[in-house]
Visitor: 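Starting off with a structure, shown below.
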Amino acid sequence: MPNLLAMSFEGELAPSFDLTCLEPGRTLPDGWGLGYYPGGEPSATVLKEPAPPQGSIRSQLARAWEHLESSLFVLHIRSARWGAITDANTQPFVRSWGRRDWMIGHSGSLTTRPTDDRGDRGVFEPIGSTDTEQLFCILMSRFAERGWKSIADANLPEVRDWLDVFDDDGGLTIALTDGRDLLVYADRDQDSTIWLGQLSPPYDRCVIGDGDLIVDLGARGTKSRKGVIASSTPLRAIDPPAAAEADAAGRAAADTAEGRRPAAVTPTATVPPIIWTQVPAGHLVIIRQGAVVTDIGPPSAGATPRASLVAPAVQARFAMASAGAAPVRTFQVRHRTLYRYPKPIERSTHVLRLTPRVDRLQELLEHTLTVSVPGQTADFEDVFGNRVRRLHIDTPWTEMLIEATSKVRVSDVAPLDLRALKARSTIPLVWMPWQRQTMAPYLLPPELPESQLDELTEYAMSFVKRNDFDLLDTLLDINASIFKEYTYRQGSTTVFTTPFEVYNSRRGVCQDFTNLFICLARLLSVPARYVCGYIYCAPPDSESIATVVTVTPRANTVQSEASHAWVQLYLPEVGWKGFDPTNGILTQTDHVRVAVGRNYVDATPTSGTIYVGGGRETLEVDVKVVRVE
């Protein structure tokens, strides 16, 4: 039985908690309590019950109440050592400080109760007589004395040292939350343990538990949420409840008895894998919006190499934020597109965007564009500033080769060398009316059902909350999360795949990841535009110049077959900055920009209309990038 369970998700969920330990024939616990923050409010709600009877009505509320919805939960099942079996001694305990409710759950028991020193616990006084509540009051007093109004304000190494001292007196594994962050400390002597389970989308249904507790994350509607579950014992994944299958079978039997055709029984959903990792002794971790963001060990632990518990996406964000300057580079690019048709094309029109852009960060030194089939051409600059060639062909043809060669110098060496005004570096961004009018094409999210946009907005806001509403950190986190948590899989999507479908399936190609990032940014009122171009992929363990590199998918440097796609975001007082979610990096001198627009349609390299003839099209695309200096 897990006597301590705490959960943090990247958005709100409404799970069901089935306390099977209260069923007839079981040994009853001394009490249980469940705390959560409804509606994301800083005020906590706690359901608790000392000495629960079998089939407790309150436990039925925890299992069936639809309003039990939050991104943070703390569940404690008590086996009493200190204090009487009363409501006052039943965890989790709650105290208010800094205009928010704080909540604590404790696994284990101290051998001696913390000293009841009024000077140490300040204005916070225990109501009951447990070691946990006394400890809680002391911690809250120290936070108040130092003016720390949230866990984010605290000096976490100092907090870990406090807990280490209290740990001298017995088992101390705790979960402390302020409604936003979840602090977990693992007992130094392992008198009690705590495990972290990583839950990663996509999944249809997730049920975890053991013989005494079952938690169904999708009982009241499944949302594909990333999450971290802290439990005093690892919980196993369980197939969706047998009760649901029994209900379905019962309905089928009733249908048959009444002469109706029984409905098909839905197959059991795939159970998502949950990876459990024990928190090392004496370590303190911070979990926010379903991701471990901090992992602090005792000073002596630094001598022993150990994998960090910090989420890979968070580590990738830190790496991006500390990226150094890149050298100025010059590339020779060849882009060949070959069309074949079984029947002659008698008349067609084509639009080509194959000329790299020119601005202060990119120079076009040489460029040629040839088409094997003659026709009337017109070159112009479109409304997005792209150089476009329109081609009208009246000559019959079955094969056409379009070849563009360019020599480009790229000097975007330091993408994070920026100093946005502090007042403009947090979300929400505030735009002047004329700025919003100018940026309108890049602020309008795609046309999707309102329910889908609502869920994507909640997903976008989880990054905002995880990063203290900081603009740049939020964007870096989104970029890193798409790279780490979404699977690159060619053929899994089409040009019609929506951002919501990509979010739901967690897979796609560079175009899909770009569209998703654009959608999330625009929902946060950050102007975003689609970029089509090329990326240079240096051969592994090679620094040679003038090496031919074919742009094809490979580990950590993934491209599309014809060209690459990424995002540019407009940052206040800074300008357009490139983010590549497919590779989890900021664009520097490895990216060559060709065209930009609201979406793929505005920036596609080649498009056209066939008026007469054709048939089934065969398309071959070959892109090569050569670094020449």
Visitor: Is a side-chain donor-acceptor pair under 3.5 Å present for Ser107 with Ser232?
Guide: no
Visitor: Examine distances only and state if a side-chain atom of Trp97 and a backbone atom of Trp148 form a donor-acceptor pair shorter than 3.5 Å.
Guide: yes
Visitor: More than 12 heavy atoms of other residues, nucleotides or ligands under 6.0 Å from CD of Glu66: is that the case?
Guide: yes
Visitor: Backbone N or O of Pro38 within a donor-acceptor pair of the Glu69 side chain at under 3.5 Å?
Guide: no
Visitor: Between Tyr459 and Tyr486, what is the ring plane arrangement, given parallel below 30°, perpendicular above 60°, and tilted in between?
Guide: tilted
Visitor: For a quick test of reading the model, state the closest non-hydrogen atom pair linking Thr20 to Asp210 and the distance between them.
Guide: OG1-O, 4.4 Å
Visitor: Going through the distances and angles, do Leu156 and Ile151 end up as a side chain to side chain contact (heavy atoms under 4.5 Å, CB included)?
Guide: CA-CA 8 Å; Leu156 295 177; Ile151 292 175; 4.3 Å; yes
Visitor: Under 3.5 Å, side chain of Thr487 to main-chain N/O of Arg489, donor-acceptor pair present?
Guide: no
Visitor: Could you note down all residue pairs passing ring-ring contact (aromatic ring centres under 6.0 Å, His included) where residues 22-68 supplies at least one of them, sequence neighbours left out?
Guide: Trp65-His67
Visitor: When you look at Arg205 and Asp216, which way does the salt bridge (Lys or Arg N to Asp or Glu O under 4.0 Å) test go after all the steps?
Guide: CA-CA 8 Å; Arg205 190 77 178 269; Asp216 187 347; 2.6 Å; yes
Visitor: So does Gln511 get a backbone contact from the side chain of Asn515, meaning a donor-acceptor N/O pair under 3.5 Å?
Guide: yes
Visitor: For Arg288, give me all partners under salt bridge (Lys or Arg N to Asp or Glu O under 4.0 Å), at least two apart in sequence or on another chain.
Guide: Asp181, Asp468
Visitor: To the nearest 0.5 Å, tell me how far Met140 CE sits from Ser96 OG.
Guide: 8.5 Å
Visitor: Side chains of Pro499 and Pro446: closer than 4.5 Å at any heavy-atom pair?
Guide: yes
Visitor: Looking at every heavy atom in both Val314 and Ala291, which two are closest together, and how far apart are they?
Guide: CG2-CB, 4.4 Å
Visitor: Measuring from Arg522:CZ to Leu520:CG, what's the distance to the nearest 0.5 Å?
Guide: 11.5 Å
Visitor: With rounding to the nearest 0.5 angstrom, report the CZ to CD1 distance, Arg63 to Ile214.
Guide: 10.0 Å
Visitor: Return the set of residues passing salt bridge (Lys or Arg N to Asp or Glu O under 4.0 Å) with Arg95 (not counting sequence neighbours), or none when no residue passes.
Guide: Glu133
Visitor: To the closest 0.5 Å, what do you measure between OG (Ser231) and CH2 (Trp195)?
Guide: 10.0 Å
Visitor: Side chain of Ser70, backbone of Phe73: donor and acceptor closer than 3.5 Å?
Guide: no
Visitor: Determine yes or no for a side-chain-to-main-chain donor-acceptor pair under 3.5 angstrom, with Asn89 supplying the side chain and Ser129 the backbone.
Guide: yes
Visitor: Just so I know, are the side chains of Thr474 and Phe469 near enough to count as touching, which here means a heavy-atom distance under 4.5 Å?
Guide: no
Visitor: What heavy-atom pair brings Leu22 and Pro29 nearest, and what distance separates the two atoms?
Guide: CD2-CD, 3.7 Å
Visitor: Does a side-chain heavy-atom distance below 4.5 Å link Leu68 with Leu34?
Guide: yes
Visitor: On a heavy-atom basis, which atom in Ser8 and which in Leu182 lie closest, and how many Å separate them?
Guide: CB-CD2, 4.4 Å
Visitor: Please determine whether a side-chain nitrogen of the Lys or Arg among Asp477 and Arg466 lies less than 4.0 Å from a carboxylate oxygen of the Asp or Glu.
Guide: yes
Visitor: Say whether, by atom type as modelled, one donor and one acceptor occur between the side chain of His76 and the main chain of His106 under 3.5 angstrom.
Guide: yes
Visitor: Does the side chain of Ile229 reach to within under 4.5 Å of the side chain of Leu5, using non-hydrogen atoms?
Guide: yes
Visitor: For residues 153-168, which residue pairs qualify under salt bridge (Lys or Arg N to Asp or Glu O under 4.0 Å), counting only residues two or more places apart or in two chains?
Guide: Arg146-Glu158, Arg160-Asp164, Asp164-Arg188, Asp168-Arg188
Visitor: Give every residue pair that meets the salt bridge (Lys or Arg N to Asp or Glu O under 4.0 Å) criterion with at least one member in residues 15-44, sequence neighbours excluded.
Guide: Glu23-Arg26, Arg26-Asp212
Visitor: Got Leu196 and Trp276 here, is their nearest side-chain heavy-atom distance under 4.5 Å?
Guide: no
Visitor: With a 6.0 Å cut-off on ring centres, are Phe143 and Trp102 close enough?
Guide: yes
Visitor: List the atom of Asp87, the atom of Arg58, and the distance in Å for their closest heavy-atom pair.
Guide: OD1-NH1, 4.3 Å
Visitor: Do Glu485 and Pro201 make a side-chain contact, defined as non-hydrogen atoms from C-beta onward lying under 4.5 Å apart?
Guide: no
Visitor: Calculate, to the nearest 0.5 Å, the distance between atoms CG and CG belonging to Leu110 and Asp131 respectively.
Guide: 4.5 Å
Visitor: Can you confirm whether Asp187 sits close enough to Thr193 that some side-chain heavy atom of one is under 4.5 Å from a side-chain heavy atom of the other?
Guide: no
Visitor: Check whether Ser56 reaches the backbone of Pro53 with its side chain - one donor and one acceptor, N or O, closer than 3.5 Å.
Guide: no
Visitor: Heavy-atom distance under 4.5 Å between the side chains of Val207 and Val215, does that happen here?
Guide: no
Visitor: Out of curiosity, Ile174 CD1 to Ile194 CD1, how far, rounded to the nearest 0.5 Å?
Guide: 10.5 Å
Visitor: Using atom types as modelled and distance alone, determine if a side-chain donor or acceptor of Thr173 lies under 3.5 Å from a backbone N or O of Ser192.
Guide: yes
Visitor: Mind listing the closest non-hydrogen atom pair of Ala88 and Ile127 along with its distance?
Guide: CB-CG2, 4.0 Å
Visitor: Test: salt bridge (Lys or Arg N to Asp or Glu O under 4.0 Å). Region: residues 496-520. Which pairs qualify, not counting sequence neighbours?
Guide: Glu10-Arg506
Visitor: Using the rule given for side chain to side chain contact (heavy atoms under 4.5 Å, CB included), can you reason through Met7 versus Leu13, listing the C-alpha separation, both sets of side-chain angles and the distance that settles it, and then say yes or no?
Guide: CA-CA 10 Å; Met7 304 191 297; Leu13 282 183; over 6 Å; no
Visitor: Side chain to side chain contact (heavy atoms under 4.5 Å, CB included), that's the test. Do Val228 and Leu199 meet it? Break it down for me.
Guide: CA-CA 6 Å; Val228 176; Leu199 179 63; over 6 Å; no
Visitor: Using only atom types and a distance under 3.5 Å, with no angle test, would you say the side chain of Asn504 pairs donor to acceptor with the backbone of Phe500?
Guide: no
Visitor: Does the side chain of Tyr503 pick up a donor-acceptor pair with the side chain of Glu455 at under 3.5 Å?
Guide: yes
Visitor: Just do the side chain to side chain contact (heavy atoms under 4.5 Å, CB included) check on Cys21 and Leu213 with the steps written out, would you?
Guide: CA-CA 7 Å; Cys21 58; Leu213 172 70; over 6 Å; no
